[in-house]
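Working notes, beginning with the structure itself.
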Amino acid sequence: MPYELLNGLSPDEVEQILELGTRLIVPSGTLLFRLGDPADRLFLTERGRIRLTLPMHLRGKEEDVLVEERSPGQTVGWSALIPPYRFTLSAAASLDTEVIALPQKALREYMAAHPAVGCKVALNLAVVIGHRLQLFQTMWLREMERTVQAHSA
Amino acid sequence: MEMFLMILGVGVFIFGLVVACVRFQPSMRLESSDSALETERARVNAVAPTLVSSKHAAVKPAALPRQIPIELLLLQIENHVRLEQAAAESFLEFPTHALLYSKTTSPFVN
């Protein structure tokens with residue numbers, strides 16, 4: 001399984017990092033973490049699908065609205081490596097899902113002990129975060145354009 | 001002479017009184033017709049409030065938009081997010097002005 005976070009690492013290095021983690025089965029519909037929870041683990045999706053949601057007020061009720069979906073190989077919960085180490089979204093399995101949960105402390109200690117690996121992981125993380133940023137600024141611009149058009153009409 | 005002046009005074013007083021009554025009579029009639037008009041206006045308001053009151057005129061149940069079930073609304077939002085993400089992904093893979101502003105097919109905003 002090619003994990004986006006471990007891209008460019010040798011098979012041995014990948015193995016060493018995966019050994020830090022625990023495999024978790026997340027049944028469909030089960031919550032993995034909630035917005036605001038301490039981000040003490042980072043997840044690598046092994047199979048299935050994870051829904052990332054944000055709460056939205058709809059007709060006086062708070063509803064979880066889909067923001068993004070994560071597929072096998074993708075990373076969930078990078079807030080574990082970014083201050084203030086709290087999840088900024090909620091995550092739940094939309095199918096029966098398997099993830100590898102990497103504890104924040106163990107991963108940071110490993111990256112500090114192996115700086116070359118740590119540098120590659122940090123760059124991979126930058127790619128993941130950068131992609132999300134670009135994706136959402138594009139979506140935001142498209143929504144803004146529609147809003148402006150609606151107001152001008 | 002004194003008697004004549006007394007009778008003349010009483011005559012002038014009665015004449016003044018008559019003139020005053022004649023002058024005030026139309027204004028009293030106007031006041032009574034105003035109050036009658038107010039009574040009539042209140043009666044009409046009570047019978048047909050929507051014709052004269054803007055407070056009631058706005059209430060037209062048939063004109064209210066029908067609310068779709070919240071589950072359907074959430075599905076529409078979800079579908080919209082997926083379509084918009086796909087559009088944004090296309091733009092990021094090959095950034096052009098046309099792809100950035102490509103029209104969405106999402107029924108949520110069309």
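A, B, ... follow the sequence lines: proteins, then strands. Residue 1 opens every chain. All heavy atoms count here, side chains included; hydrogens, waters and symmetry mates do not.
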Can you get from [X] to [Y] by hopping between Ile, Leu, Val, Met, Phe, Trp and Tyr side chains that sit under 4.5 Å apart?
X         : Y         : answer
Met139(A) : Met144(A) : yes
Leu92(B)  : Val128(A) : no
Leu89(A)  : Phe87(A)  : yes
Leu32(A)  : Ile100(A) : no
Val81(B)  : Leu73(B)  : yes

Taking donor and acceptor roles from the modelled atom types, list the N and O pairs under 3.5 Å across chain B and chain A.
unit_1    : atom_1 : unit_2    : atom_2 : d
Ile68(B)  : O      : Arg59(A)  : NH1    : 2.6
Ile68(B)  : O      : Arg59(A)  : NH2    : 2.9
Glu78(B)  : OE1    : Arg51(A)  : NH1    : 3.2
Glu78(B)  : OE1    : Arg51(A)  : NH2    : 3.4
Glu78(B)  : OE2    : Arg51(A)  : NH1    : 3.0
His80(B)  : NE2    : Glu143(A) : OE2    : 2.6
Arg82(B)  : NE     : Glu69(A)  : OE1    : 3.2
Arg82(B)  : NH2    : Glu69(A)  : OE1    : 3.4
Arg82(B)  : NH2    : Glu69(A)  : OE2    : 2.9
Glu84(B)  : OE1    : Arg142(A) : NE     : 2.8
Glu84(B)  : OE1    : Arg146(A) : NH2    : 3.0
Glu84(B)  : OE2    : Arg142(A) : NH2    : 3.1
Gln85(B)  : NE2    : Val67(A)  : O      : 2.4
Glu89(B)  : OE1    : His131(A) : NE2    : 3.2
Leu100(B) : O      : Arg142(A) : NH1    : 3.0
Ser102(B) : O      : Arg142(A) : NH1    : 2.9
Ser102(B) : O      : Arg142(A) : NH2    : 3.0
Ser102(B) : OG     : Arg142(A) : NH1    : 3.2

- [ ] Mind listing the closest non-hydrogen atom pair of Leu100(B) and Leu141(A) along with its distance?
- [x] CD2-CD2, 3.6 Å
TODO: Please name the pair of heavy atoms, one in Leu58(A) and one in Leu74(B), separated by the smallest distance, quoted to 0.1 Å.
DONE: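 Shortest heavy-atom separation between Leu58(A) and Leu74(B) comes out as CD1-CD2, 3.6 Å.
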Open item on the list: Is it the case that atom CE in Met1(A) sees more than 12 heavy atoms from other parts of the structure closer than 6.0 Å?
Closed with: yes
Chain A contact via [X] - which portion, at a heavy-atom distance below 4.5 Å:
X        : value
Ile70(B) : both
Leu99(B) : backbone
Ile77(B) : side chain

